[in-house]
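Here's the structure we're looking at; comments come further down.
The shown structure was predicted, so the numbers you read here are calculated from the model rather than taken from an experiment. Throughout, protein chains are lettered first and strands after them, A, B, ... in sequence-line order, and every chain is numbered starting at 1.
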There are 2 protein chains.
Amino acid sequence: MDTDQVSGRWDANKGACPTRQVLGRIGDTWTMLIISTLEREGTLRSGQLKASIEGITQKMLTQTLRHLERDGVVRREVIPTVPTTVTYTLTPLGQSLGAAVATMRTWAYDHMDEIVAARNDYDTRD
Amino acid sequence: MDTDQVSGRWDANKGACPTRQVLGRIGDTWTMLIISTLEREGTLRSGQLKASIEGITQKMLTQTLRHLERDGVVRREVIPTVPTTVTYTLTPLGQSLGAAVATMRTWAYDHMDEIVAARNDYDTRD
DNA sequence: CCGCATCCTTAGAGATACTG
DNA sequence: CAGTATCTCTAAGGATGCGG
């Protein structure tokens, strides 16, 4: 796919293309954070994830995890204890995505200061 | 920052951390597509961008471009012709982000089929 | 050609309480 | 503990028309 990506035009900009949907899901507010957390911590229980991600609600956590499970990115495992225990782990597919997410995370971290500076500059112009 | 990223914990999961804001902006529906397009096509006029990105409205295009300009990711250039011409280009900062976005784009493209398969599998279970 | 302002609609997300 | 179900409400986003 490398060929098209650089030289030609491909159809990611067309609404029907599945990449659009994939990028849309990645663009979700919590997706990156969840994947990022699972990548760093390994297998986690629902409650642990919730505790690790400041500001996320049960609803959003469950919802996002369902989407990711559906896409084959995380594996959900129910352990029949009382009360029930549920764990989440990145699948191999999820791990490869985790690498890409890590790239974004690293970029954000590395360029945070430049961005803040650019904003200050922009806001104090004119 | 590589050290923390792998072994320790840093604060991207805390709401106050600027990386959260940065990731949030990247997570924006149109940001990735705009950056991706500018990366492949170079300098473009507003209308050309709009034509290249299926489904985007003038409002969202302008709005997203303003955000990106504020963050120092794109440069807006007004050429005093009649009627006015406006062009957009990635800044060096934007180009480095473009590389990271390309990684995600490539990942999405490469794993599209796996994801679609996973979804079909998930939807036809039980 | 570009983009601002306005209005309007709806999906997304929070809060809360309940079930297995 | 994990997840579902409502209910509510904001705010993102689409449509349209004006102005530089």
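Here D:dC1 presents its C1' atom at 15 Å from CG of A:Leu44, a figure rounded to the nearest Å. Rounded to a whole Å, the CZ atom of A:Arg66 is 17 Å from the P atom of C:dA13. Between the CD atom of B:Glu69 and the C1' atom of C:dC2 there is a distance of 14 Å, given to the nearest Å. To the nearest angstrom, C1' of D:dT10 lies 14 Å from CE of A:Met60. Separating the CD1 atom of A:Ile56 from the P atom of C:dA15 is a distance of 13 Å, rounded to the nearest angstrom. Atom CG in B:Leu65 sits roughly 11 Å away from atom P in C:dC2 (whole-Å rounding). Per the geometry, CD belonging to A:Gln48 stands 11 Å off P belonging to D:dC1, to the nearest Å. Between the CG atom of B:Leu61 and the P atom of D:dA15 there is a distance of 15 Å, rounded to whole Å.
Using a 4.0 Å cut-off, some side-chain N or O of A:Ser46 falls inside it from OP1 or OP2 of D:dG3. Phosphate contact (OP1/OP2 of C:dA13, side-chain N/O of A:Thr57, threshold under 4.0 Å): absent. Of the side-chain N and O atoms in B:Tyr88, none sit less than 4.0 angstrom from OP1 or OP2 of C:dC2. Within the 4.0 Å cut-off from OP1 or OP2 of D:dC1, not a single side-chain nitrogen or oxygen of A:Arg45 is found.
Counting only distance, with no hydrogens or angles, the side chain of A:Glu114 and the backbone of A:His111 share no donor-acceptor pair below 3.5 Å. For the pair A:Thr85 (side chain) and A:Ile79 (backbone), a donor-acceptor distance under 3.5 Å is absent. A:Ser46 places no side-chain N or O within donor-acceptor distance of the main-chain N or O of A:Val86, the cut-off being under 3.5 Å.
Taking CE of A:Met104 as the start and CG of B:Leu23 as the end, the distance is 6.5 Å to the nearest 0.5 Å. To the nearest 0.5 Å, atoms NE2 (B:His67) and CZ (A:Arg119) are separated by 9.5 Å. If you take CG on B:Leu49 and CG on B:Leu38, they are separated by 5.0 Å, rounding to the nearest 0.5 Å.
Considering only the side chain of A:Lys59, C:dA13 comes nearest among D:dG3, C:dA13, C:dC4. Checking D:dG14, C:dG14, C:dG3 against every side-chain atom of B:Thr62, the shortest atom distance belongs to C:dG3. Considering only the side chain of A:Val86, D:dG3 comes nearest among D:dG14, D:dG3, C:dG3.
At a threshold of 4.0 angstrom between heavy atoms, the contacts of A:Gln58 include nucleobase atoms, whether or not backbone atoms are also involved.
The minimum heavy-atom distance linking B:Gln48 with B:Arg45 is given by the pair OE1-N, 2.8 Å.
For the segment residues 71-84 of chain B, the set of residues with a heavy atom within less than 4.0 Å of an atom of DNA chain C comprises B:Arg76, B:Pro83, B:Thr84, in numerical order.
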